[in-house]
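Heads up, the thing below is written out as structure tokens.
Just so it is clear, the model here is predicted, and its values are computed rather than measured.
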Amino acid sequence: MKKPFKFKKSLVKLALLPLVLGTVLPLQAATSTAELSACYAKGLSDRAQCGKISQPLSETKTEQKIDIHFMVIPAIKPLYPQEAIIAFAGGPGQSATEIAANFERILKYARENRDIILVDQRGTGKSNLLQCDMDDLEQQFALNDTLLGLDFYKEDALKCKEKLDTDLSDYTTVAAAKDFDAVRVALGYSKLHLYGGSYGTRIALEYMRQFPDSVASAVLDGLAPNNQSLMAIGGAIEGSLNALFAQCEADKKCANSYPNLKQQWQSLLNQVEQTPIEVSVLHPRTSKPLAMTMTKMKLFSAIRMALYSHSFRALVPLAISEATNGNLAPLVGMMAPSEDGLGLAMGMHQAIVCGEDWPRLTAADKAKYSENYMGEMMITGLDATCPIWNVSPVPSSYYEPVASDIPTLLLSGGLDPATPAKWAEVAMEKLSNATHLVAPTATHIVAGQSCANKLIAKFYDEKTVGDFDTSCLEEDTRKQFFMNINGPATANKE
């Protein structure tokens, strides 16, 4: 889950955002009315089928239409032609079709006998993309965000609002759920199996609430339920980072190479907060020299995003140690994936956080979530910009736990820096037919880093965990820490 406010400054922004075969067969849905054409997606070798449907902008603006674009990845062997899997993207603000290859990888076993539907949620991808302007990496690196007051971000929000020229109230989770079912109807499927990851679990839950008769089963991976504030992500980040520090301390080689790592991290944060580091660095892709102003926000952003991946987590002790000694190269390398803002549609993102999360924050909530750096910055940003966006709050009923007996599998990573396992327990309050599985060493999105992709396929077939052997989730997926820039291998040569 991702940041709620700084639109143009994506390195700073990422720190605050609240919450990647075989022969193609023709689609088998018996009563499809959608016009489909062959299409391809980046990283997806197989040909898919793409289409669009026209939807009313809202129940009160029926004369205004929006095109909802979707993709269908055909099953390898369509044993269930009246059923399909629909995958909901995260962010909020990701385009499902743009990360089709990620979904195909996560759901590759489930795809063996069911089609996969990917819908660009309204405001993302090709479905009326709501995107704000962003600076290039050179401008992002050079920016000293400590000199920018809230008036700057208010002005930034006003500029983006003028550019988008739309009422974000029509782009909330509640509004979007209807589009997904309209796609199901157009394609002629009688039942859907749901897969949602991160924010995608929130839209999946809302779909279950609004269209229970359309759902055969659901898998929710990295829960961000509607009755859980995204502002609590600050605590999740702290918990995941503290687990990394504890892992290093328990590892003799890491502890010897990076003694007092947690204290070193706090000292580094204090240092850049008082005096940002000015240094010349190399562009992480082109190696072009760039001026870098390392501020607390950029430093925190780089480390925070590294917590999502074990490959990057293995670099964190080295990056902190090197930065303390004036070498920012490892940190800069971590920033490379953030150059395009992770492909999030920031207008749609604001629709969610300003229409769903910000309105329900009480004074007590703000005090609680501001106890850590990330929570404080997120709330400050929302308080400054949400009044400008003026998104109509979703109905109060939206925050009621989803009550359902639909077979549901919940997955959580024990090291998740965005959606901790306890958030899944919040969602389970009224899910009477749900099972929660935790992979202790997984980070964010369990199905992408464990055997869970096989369990998902079996769950869709049997609609129960039953006597599943889930012991494979206990496998330790963490990687060895880098002892120096050459990697972890040198640490073993003793």
Side-chain angles (χ1 to χ4, degrees), residues 21 23-41 44 46-89 95-100 103-104 107 110-129 170-196 200 203-204 206-218 348 406 460:
L21 290 160
T23 303
V24 175
L25 300 175
L27 299 184
Q28 299 296 311
T31 57
S32 174
T33 60
E35 294 186 10
L36 301 174
S37 59
C39 61
Y40 293 88
L44 186 67
D46 288 345
R47 184 176 64 183
Q49 297 287 314
C50 291
K52 65 180 180 180
I53 60 172
S54 181
Q55 282 284 94
L57 191 56
S58 72
E59 293 180 352
T60 60
K61 303 172 185 175
T62 56
E63 74 287 351
Q64 300 180 47
K65 303 294 183 180
I66 180 173
D67 286 339
I68 303 299
H69 289 254
F70 59 87
M71 173 186 292
V72 182
I73 306 175
I76 302 300
K77 185 177 181 180
L79 299 181
Y80 304 95
Q82 293 299 319
E83 296 181 1
I85 302 159
I86 188 165
F88 301 94
S95 158
T97 62
E98 290 177 4
I99 56 171
F103 280 127
E104 197 280 335
L107 299 169
R111 183 202 167 193
E112 290 179 358
N113 49 39
R114 291 181 178 87
D115 299 337
I116 298 174
I117 306 171
L118 305 176
V119 180
D120 279 347
Q121 187 167 331
R122 54 171 60 197
T124 74
K126 296 181 179 179
S127 299
N128 194 29
L129 177 66
D170 298 320
Y171 291 83
T172 63
T173 303
V174 176
K178 298 174 178 60
D179 299 334
F180 290 92
D181 202 58
V183 170
R184 176 194 65 82
V185 172
L187 290 172
Y189 296 104
S190 59
K191 291 282 187 179
L192 297 179
H193 297 268
L194 314 185
Y195 175 82
I203 183 67
E206 182 62 19
Y207 185 83
M208 291 167 65
R209 189 205 306 271
Q210 292 190 30
F211 303 99
D213 294 338
S214 300
V215 183
S217 69
M348 180 272 193
I406 293 170
Y460 287 153

Please name the pair of heavy atoms, one in [X] and one in [Y], separated by the smallest distance, quoted to 0.1 Å.
X	Y	answer
M71	C50	CE-SG, 3.8 Å
F70	A34	CZ-CB, 3.9 Å
R47	A38	CD-CB, 3.4 Å
I99	A89	CD1-CB, 4.4 Å
E206	A177	CG-CB, 4.0 Å
I203	A176	CD1-CB, 4.1 Å

Would you say [X] and [Y] make side-chain contact, with heavy atoms under 4.5 Å?
X	Y	answer
Q121	D179	no
V185	F211	no
I85	L107	yes
N128	R122	no
L194	Y460	no

Check: [Y] main-chain N/O paired with [X] side-chain donor or acceptor under 3.5 Å:
X	Y	result
R184	A84	no
S95	T124	no
R114	L192	no
D115	A75	yes
D46	I73	no
S127	H69	yes
D120	K126	yes

How many angstroms lie between atom [atom1] of [X] and atom [atom2] of [Y], to the nearest 0.5 angstrom?
X	Y	atom1	atom2	result
I406	R209	CD1	CZ	11.5 Å
Y207	T173	OH	OG1	15.0 Å
S217	Y195	OG	OH	13.0 Å
E63	S58	CD	OG	8.0 Å
I117	H193	CD1	NE2	11.0 Å
L118	E98	CG	CD	11.5 Å

Decide yes or no on ring-ring contact (aromatic ring centres under 6.0 Å, His included) for F180 and F88, but give the supporting numbers first. CA-CA 9 Å; F180 290 92; F88 301 94; 4.9 Å; yes
With respect to L187, which candidate in I53, V72, T33 satisfies the side-chain contact (heavy atoms from CB on, under 4.5 Å) definition? V72
Does the pair Q210 and K178 meet the rule for a side-chain hydrogen bond (donor to acceptor under 3.5 Å, both in side chains), with working shown? CA-CA 8 Å; Q210 292 190 30; K178 298 174 178 60; 3.3 Å; yes
